[in-house]
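Shown next, in structure tokens, is the structure this report addresses.
Residue numbers start from 1 in every chain, and the chains themselves are labelled A, B, ... in the order their sequence lines are given, proteins ahead of strands.
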Protein chains: 2
Amino acid sequence: MTVSRIVNNKGSISEETRKKVLESIKELDYKPNILARSLVMKESRFITIVLPDIANPFFSEMVKEAEDIARRNKYIILLGDTEGRKEIEKEYSEAAINRMSDGIILVAPRMDDESIIKINDKIPMVLVDRPIECKDIAQINIDNFTGAVLAMEHLIGLDHKQIGFLSGSRDISASLEREEGYVKTLKKYDMTSRNKLIIEGDWSLKSGRDAFDIFFSSQPVPTAIFASNDLMALGLIQRAQEMNIKIPEDLSIIGFDDISMAALVNPPLTTIRQPRLKMGKIAIELLINKLQKKSDIKNNILLKNELIIRNSTGKIA
Amino acid sequence: MTVSRIVNNKGSISEETRKKVLESIKELDYKPNILARSLVMKESRFITIVLPDIANPFFSEMVKEAEDIARRNKYIILLGDTEGRKEIEKEYSEAAINRMSDGIILVAPRMDDESIIKINDKIPMVLVDRPIECKDIAQINIDNFTGAVLAMEHLIGLDHKQIGFLSGSRDISASLEREEGYVKTLKKYDMTSRNKLIIEGDWSLKSGRDAFDIFFSSQPVPTAIFASNDLMALGLIQRAQEMNIKIPEDLSIIGFDDISMAALVNPPLTTIRQPRLKMGKIAIELLINKLQKKSDIKNNILLKNELIIRNSTGKIA
DNA sequence: TTGTAGGCGTTATCAA
DNA sequence: TTGATAACGCCTACAA
């Protein structure tokens, strides 16, 4: 008990015993067992982050931001990479509970409402990028629809008439919201939306490459393509260059995300910047506030996107 | 106790009570507390991974690989991002011990030998990319020297006579090993190594940009540059293009790492591929084997690099 | 087949 | 200022 008091700087201890104990601690290289402490305190200072793909710069940059803030607040991150699979999303959420995580940041685009609500009942949660109609759940979302409108108006402003859309997986709401932005903007400007101009990808670079071939083997050939994320946009560019299609002279391409790579490729990619650092920061801060039961908590945050114009888009020749 | 037996499928239980208990478990939504179990079992099934930068694709791809294997083996990853700072490397290593991590994968290029040995005494460890003279420590290293020789011989084979070297931070052994490869290869081919042709960067893209200006403001101007990592190589390319220096016609550039971006930039980057997926895989497997006390453990693994020729290098014009 | 006692390494509480 | 006791939720060992 005396040792405990000294380690935690609690209660009053005589200088003499403090010295003796500290000496022994050094000598024995004693380290307190935080797990045992957690058991008593009912607080582990673990925070679990569940996300689809840590190798995707979008998420790894988000995690880095969150991790830094967590560390400063004496929390440590448990990492769960789900590969976008529902079962693993659930597996890690369970693990967060079983292992007494104090809280969870859930980026689980495929999880069903019911499961999310269940988890929220068991453990303090911040839900990211997966809108749900439920006032009790803290959530951070991105205005995908408006972001897509931004992208489309940029292309339309450049006089493009045939604009293709490369969607992400259609079982994810973010993807559908962006598609809605595409369709509605076309309608707004009285431009026919033909099905041929929409292709479903799976967020991967390869699916961008594959999509290019489909776009260019059917009529009408687009003069601009709006890709639902940067990785697919890069795939489009890659394949276009292989086929000697010049960007932006022959084809304009706009992405979505603004991963750090976007500025580095050639030509630098015009894209819709998602505030991913901010997402990581806000998510972890929101969660920590929740854990410390601060009262003034905003529970539902919608972040804005920003159009970043680089060189992959231009007027049609 | 009966519940424990049922949850863990141990001992014999009558069908009747098993049913009743399982029912109650569902009803109460009971979840066993793994932390409490860890305390008794002296096994947490946590594995801590400490690394310099999770936002760097090199590490995030490594982690992804490790994470996947960990999950299949019922381990869960504790993540520590050190930003390359010594204090944080230590902080997280301590945390791994305090929190009863079963093991630690340490990518801590700046940590001193003594600290590493101390940690190894306290917790099963696999040390990555930080060679140390100590037979008791399991380590996975990359043959930086030979990798650098590979790069240099490629450039020399293209008839370059003035080859610049852009090193990483000189307080990291991997960086010095690559520099040694540069210097010794020059010697081997009787090419003078002048100090002016060596510049120290800090691994960042920006330091590549800055280095370009220094290389091109002093004599002799190099016809080829070997950059100690891809990020700096990309910085060189970026700045070269801004200055209307053509790659590879006017200047050849070779990198080191083969991050996924390397293939995507324009021109695609010639580089030395480090087997980072393999590193993640081997590191976690080595550690898990260690934890399960398999006997046939190789303790010191040296991985080979591979020259990937793309379009950023060529014969001098 | 089930249940009881004891202990894992801490901390809160109360007594000395 | 210090120390004894009980408790956190689980598992091992043994008893019923």
Side-chain angles (χ1 to χ4, degrees), chain A residues 1-46 48 74-76 78 93-104 121-124 291-293, chain B residues 1-46 48 74-76 78 93-104 121-124 291-293:
Chain A
M1 196 50 232
T2 302
V3 173
S4 168
R5 278 195 263 262
I6 290 174
V7 167
N8 297 300
N9 266 317
K10 262 184 188 171
S12 41
I13 299 282
S14 76
E15 255 330 295
E16 195 186 3
T17 42
R18 159 168 276 125
K19 253 185 203 162
K20 270 199 265 179
V21 169
L22 284 176
E23 216 165 277
S24 302
I25 285 182
K26 264 234 158 118
E27 197 171 336
L28 302 171
D29 200 11
Y30 162 85
K31 308 259 192 271
N33 182 324
I34 307 278
L35 252 44
R37 174 186 296 169
S38 302
L39 203 57
V40 183
M41 307 283 277
K42 300 184 172 311
E43 178 200 67
S44 64
R45 298 203 87 82
F46 283 128
T48 299
K74 307 279 174 216
Y75 288 94
I76 192 162
L78 287 182
S93 304
E94 295 270 310
I97 298 168
N98 293 337
R99 292 181 183 258
M100 272 183 68
S101 261
D102 291 342
I104 185 171
D121 288 344
K122 281 274 182 180
I123 181 174
L291 297 181
Q292 296 169 352
K293 299 196 169 86
Chain B
M1 196 50 234
T2 302
V3 174
S4 169
R5 277 195 263 262
I6 290 174
V7 168
N8 298 301
N9 266 317
K10 262 184 188 170
S12 41
I13 299 282
S14 77
E15 256 329 296
E16 193 186 4
T17 43
R18 157 169 276 124
K19 251 184 203 163
K20 270 199 264 176
V21 168
L22 284 177
E23 215 166 277
S24 302
I25 284 182
K26 261 229 161 124
E27 197 170 338
L28 304 169
D29 200 11
Y30 163 85
K31 310 259 191 270
N33 181 325
I34 307 277
L35 253 42
R37 176 187 295 169
S38 303
L39 205 57
V40 183
M41 307 284 276
K42 299 182 172 314
E43 179 200 67
S44 64
R45 297 202 89 81
F46 283 129
T48 299
K74 308 277 173 217
Y75 289 94
I76 191 162
L78 288 183
S93 304
E94 295 268 311
I97 299 168
N98 293 337
R99 293 182 182 259
M100 272 182 70
S101 260
D102 291 342
I104 184 171
D121 287 343
K122 282 273 180 179
I123 182 174
L291 296 180
Q292 295 169 352
K293 300 199 168 82

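- Residue order along DNA chain C, read from the 5' end via each residue's closest nucleotide, puts B:G11 first among B:G11 and A:A36.
- Each of B:V40 and B:R5 was matched to the nucleotide of DNA chain D holding its nearest heavy atom; the match closer to the 5' end belongs to B:V40.
- Within the 4.0 Å cut-off from OP1 or OP2 of D:dG9, not a single side-chain nitrogen or oxygen of B:S4 is found.
- At the phosphate of C:dA12, OP1 or OP2 sits under 4.0 Å from a side-chain N or O atom of A:K10.
- Using a 4.0 Å cut-off between charged nitrogen and carboxylate oxygen, B:K19 and B:E16 do not count as a salt-bridge pair.
- To the nearest angstrom, C1' of D:dT12 lies 13 Å from NZ of B:K42.
- We find that CG of A:N33 is positioned 13 Å from C1' of C:dT11, with the value rounded to whole Å.
- Rounded to a whole Å, the CE atom of B:M1 is 11 Å from the C1' atom of D:dC14.
- Straight-line distance from the CE atom of B:M41 to the P atom of C:dG9: 14 Å, rounded to whole Å.
- The backbone N or O of A:S38 sits nowhere less than 3.5 Å from a side-chain atom of A:R45 that would complete a donor-acceptor pair.
- Checking side-chain atoms of B:T48 against main-chain N and O of B:S101 turns up no donor-acceptor pair under 3.5 Å.
- The separation between A:E43 atom CD and C:dG9 atom P is 21 Å, rounded to whole Å.
- A:T17 has a side-chain polar atom (N or O) that falls below the 4.0 Å cut-off from OP1 or OP2 of D:dT2.
- Remark: side-chain polar atoms of B:K122 are not paired, donor with acceptor, to backbone N or O of A:K31 under 3.5 angstrom.
- The separation between B:R99 atom CZ and C:dC8 atom P is 22 Å, rounded to whole Å.
- Counting to the nearest Å, the C1' atom of D:dC11 and the CG atom of B:N9 are 15 Å from each other.
- At a threshold of 4.0 angstrom between heavy atoms, the contacts of A:S12 include nucleobase atoms, whether or not backbone atoms are also involved.
- Contact annotation: the side chain of B:K20 never approaches that of B:T2 to less than 4.5 Å [non-hydrogen atoms, C-beta and beyond].
- Dashed line: the shortest gap from a side-chain N or O of B:S14 to OP1 or OP2 of C:dT2 is under 4.0 Å.
- Residue B:L39 contributes atom CG, which lies 13 Å from atom C1' of D:dA7 at whole-angstrom precision.
- Among the atoms of the strands shown, none is found under 4.0 Å from any heavy atom of B:S38.
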